[in-house]
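Remarks on the structure that follows.
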Protein chains: 2
Amino acid sequence: MSAAFPPHRGPVMSDVAARAGVSHQTVSRVLNGHPHVSATTRTRVLAAIAELGYRRNLSARVLATGRSNVIGVVAQNTTLYGPSSMVQAIGEAALGADLSLTVGHVAGYDATAASRRIVERLVQQGAAGLVFIAPVDAAAEAMRLVPEGIPIVTVDGLPEWQVANVSVDQYTGGLLATRHLLEAGHRTVWHVAGPEQWHGSRAREDGWRAALAEVGAVAPPMARAGWSAASGYQCGRMLARIPDCTAIFAANDHVALGIMRAITEQGRRVPDDVSIIGFDDVPEAGYFHPALTTIRQEFGDVGRQALRLLLDQLATGVKSAESALVEPLLIPRDTVAAPERKPS
Amino acid sequence: MSAAFPPHRGPVMSDVAARAGVSHQTVSRVLNGHPHVSATTRTRVLAAIAELGYRRNLSARVLATGRSNVIGVVAQNTTLYGPSSMVQAIGEAALGADLSLTVGHVAGYDATAASRRIVERLVQQGAAGLVFIAPVDAAAEAMRLVPEGIPIVTVDGLPEWQVANVSVDQYTGGLLATRHLLEAGHRTVWHVAGPEQWHGSRAREDGWRAALAEVGAVAPPMARAGWSAASGYQCGRMLARIPDCTAIFAANDHVALGIMRAITEQGRRVPDDVSIIGFDDVPEAGYFHPALTTIRQEFGDVGRQALRLLLDQLATGVKSAESALVEPLLIPRDTVAAPERKPS
DNA sequence: GGGCGAAATGTGAACGCAAACATGCTTGGC
DNA sequence: GCCAAGCATGTTTGCGTTCACATTTCGCCC
C-alpha cells in the first residue's frame, strides 16, 4: 500500500466560520445544538455549511471528546440465519439512534484469535460500546480484552459473565417444542442438538430434558449435529432406522430439513411415521415439504433490546448486568402428528 | 445521552516513550514499522507497549494522516442469503488485509434516504474506500454523494456507472439454467423472475430469453416474485394450473421452494410433471424435497474480488472502472427430468 | 441612565498522533 | 586524520474538533 489517494480533505470548520462571518466555535455550537446561539446566526452558519458542502470530521471529534457514536458489533458466523438477522436488526436500530455500526466478522466458530483482533480494532477505533453476539464460549475471552469504561451487551451470552445480556429464552423453546410433541401423543422425544459450544444448544437441550421429566418420559440418546441441513441429514440417517423414534426435536430448521430428507429416503413418512419440530422459523420453513412445525425466535426483538440495553448504559454511565429474555413462539404446521398406534 | 461514561483514555504514546526512555516519535516509528530503529530500542519500546497495555488511538492517527484503514460497506437487506454471504466474505477478506469494516445496513429496498445517511456516516468517519452492495438502482444515487478521492467498488452494480464492479455473471446463469431445462427435452421454459429493481433479476431474465431464442422456443409469459418462498408460492399456484408449464426457472432457491410446494399441492409432481431449477445454491438446497437443481453463485469469490479491486485502487491511487465477473455453476440434482411425452 | 445579569460570541489550549525537519552519532574512504 | 555519508534518534508543528474560559453585547429594572 505504497502510493495512495490524496488524503481527502474537504472544507473544515474554520472555512465555514469564515464564510458565515463567525468564529469556529459558533459553528461548533450550531452543529452540536448548543443553546445560546441566535436564530439569525444559526441560519447563516447553516447556509454556509450547505454552500460549502461541509462535513464535520468525525475523527477530530472523537479525538477531542474521547467519545464516539460508533458502536462495535462482534459477530460470529453471519452466514447463519440467526446471527445475520440479529446484525441486521441491530443495524437498523442503530441507524434510528443516530449511531453507526462497525461490524467485525469472526470467521469460524472457535476463532478466538480473530475475535481478539476484532475487539482490538473496535476499541482502537474508539467504539462507544460493544455488542457481542456471543453464542459460544470463545466470545467470553475476547470480552476480557475490552477496557473498563466501555459498556458491553452480549447477545446469547451467559449470566455468569455479569454483563448486560439479551437472549431468546431457548430453554423455554426446548420445553415448548418437546411438550408439543408429547401432547401429540408420543411416548418420548428424540433430540438432535446443535453444536456443543453454543449456549443455545445447551439451553434447548435442558428444556427438552425438563419437558421429558415433567411427564416421566425417559430421554433417549441425544444426537449432535451442526446447524446445517447436511449435518442434520447425517443424524437423520441413523434416526430413520430406529423404529422407536417417532418424534424428533431438531436443533434448528435446517437440521430438521436434513433429517426429514433422511427419513423420507428411508421410506418413512413425515409426520405419519415420524413427527418433527424445528427451531428458528426461517422464512421458508412453512414451504418445506411438509411445512415445518417450529419454534420462532424473534431476532428483530433481540437486536432492538440489545441496543436499548447499550443505550441505557451509555446514558446512565454505569455498567449494568441487566438482562432481557425474548420469548419464543410455537408455530404449529404440518410435521407433527399423533404416532400411529402400533399393535404392541 | 446526557450523562456518560468517563471518556476512556488509556496510556498514550508519550507514556510509552517515557517508559522506554525514548521519544514518542521513536515509538511511532516502531509502531509503523519504519526503518532506522535499532533492534534494542525496538524491543524496549515493544516491551513498554506490552507492559502498559498501550493501544494507539486510531482517531488521532486518522486525523494526523488524513487516511484511515476503515472501509465502508453499504449493504441492502443482509437478511437475504446473497447479501449476507457477501458481507461475510468481504469481512473476512478485510480482516486478512488488516482493514476494518463499517457496515451500514439499509433497511428495505428502496430506502434511498437511509442509503444517503449511511454514506454520509461512512464518509464522515473517514472511510478509506467504499463497497456498495448495489443490486438495485437506488444505490446509484447514494453513490453520487461520495466525494471524489474516495475509491468505490460496487457489487452487482451496472457497467454504465463507470465504477469498479464485481458481479456474478447472472446472464450466463440464466442461460445455463434455461439450457439445462431445454436439453432435458422441454419445449420451452417458464420463468419466475425476482424483483424488477434488482439488476440480477433482469440479467437472469435476459439469459433466459437468450437461451430460448437459441433454440427458437417461444417465451411464455413471465411471472414476477420477490425473493421469498412465500412469493414463489403465490406464483406457483398459478403456474401449477397451467398444463403446458413443465419447466420452470425460478428467481432463486427459496422461490423455487415455494413453487414446488404449490405444484405439489396441486397434485402435480416434481420433477415428473414439472421440472424446476433454482438459483443461488443455498446450503440447504440439496436437502429440499426433492433435492433442488440450481445455479451456484460463489459469493465468497465475489467478496474477495471486490476487496481486491478496492485495494488496487487504494494502492495505485487512481479510480478504476475495472470489473470482474464471477462465473456461476450448474449444480444438477433431482428437480429436472425429461417431460412426460403426452399423446398430443 | 447607570449598572447588572444573562445571552451571544470569541480565544486559546488540548486531544494523540505522524510528518517534516533537525540533530548527534557512527562508520569508512582517501 | 578529516570529511562525507549515512544511521539512529529528538523536536516541532499541525491535523479538525471540542472544552474551559474570556469577552462582548443586549435587554431591563430601579
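When reading the values below, keep in mind they use all heavy atoms of this one structure, side chains included, and skip hydrogens, waters and symmetry mates. Per chain, numbering begins at 1; letters A, B, ... match sequence-line order.
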So, is Thr65(B) close to the dC15(D) phosphate, meaning a side-chain N or O under 4.0 Å from OP1 or OP2?
-> no
Any Arg56(A) side-chain N or O less than 4.0 Å from OP1/OP2 of dT17(D) = no
Euclidean distance, atom CE of residue Met13(A) to atom P of dA13(C) [Å, nearest integer] = 19 Å
Between P of dG6(D) and NE2 of His34(B), the distance in whole Å | 20 Å
Rounded to whole angstrom units, what separation is found between the CZ atom of Arg44(B) and the C1' atom of dT9(D)?
-> 11 Å
Hey, is the side chain of Ser38(A) poking within less than 4.0 Å of OP1 or OP2 on dT9(C), counting only N and O atoms?
-> yes
Is a side-chain donor-acceptor pair under 3.5 Å present for Thr154(A) with Asp156(A)?
-> no
Picking from dC15(D), dG10(D), dC19(D), which would you name as closest to the side chain of Leu63(B)?
-> dC15(D)
Base dG16(D) to side chain Arg55(A), donor-acceptor N/O within 3.5 Å cut-off | no
Starting from P on dA19(C), measure out to CZ on Arg61(B) and report it in whole angstrom.
-> 8 Å
Value in whole Å for how far the C1' atom of dA18(C) lies from CG of Asn69(B) | 14 Å
Only counting residues at least two apart or in another chain, list the ones meeting side chain to side chain contact (heavy atoms under 4.5 Å, CB included) with Ser38(B).
-> Thr40(B), Thr41(B)
Comparing nearest nucleotides in DNA chain C, the 5'-proximal residue of the pair His36(A), His24(A) is His36(A)
Side-chain donor or acceptor of Gln25(B) under 3.5 Å from a matching atom on the base of dC17(C)?
-> no
For Ser28(A) and Met13(A), what are the C-alpha separation, side-chain angles and deciding distance, and is it a side chain to side chain contact (heavy atoms under 4.5 Å, CB included)?
-> CA-CA 8 Å; Ser28(A) 172; Met13(A) 211 174 249; 3.8 Å; yes
Quick one: is dC15(D) close enough that its OP1 or OP2 comes under 4.0 Å of any side-chain N or O from Asn57(A)?
-> no
Atom of Val73(A), atom of Ile90(A) and distance for their closest heavy-atom approach = CG2-CG2, 4.3 Å
Closest of dT9(C), dC15(C), dG10(C) to the Thr41(A) side chain is dT9(C)
Choosing from dC15(D), dT17(D), dC15(C), which nucleotide comes nearest the side chain of Ala60(A)?
-> dT17(D)
Determine: side-chain N/O of Thr26(A) to OP1/OP2 of dG10(C), distance under 4.0 Å, yes or no.
-> yes
Between Ser28(A) and dT18(D), is there a side-chain N or O to OP1/OP2 distance below 4.0 Å?
-> yes
With the threshold set at 4.0 Å, does a side-chain nitrogen-carboxylate oxygen contact exist between Arg19(B) and Asp15(B)?
-> no
Between dC15(D) (P) and Leu58(A) (CG): distance, integer Å | 19 Å
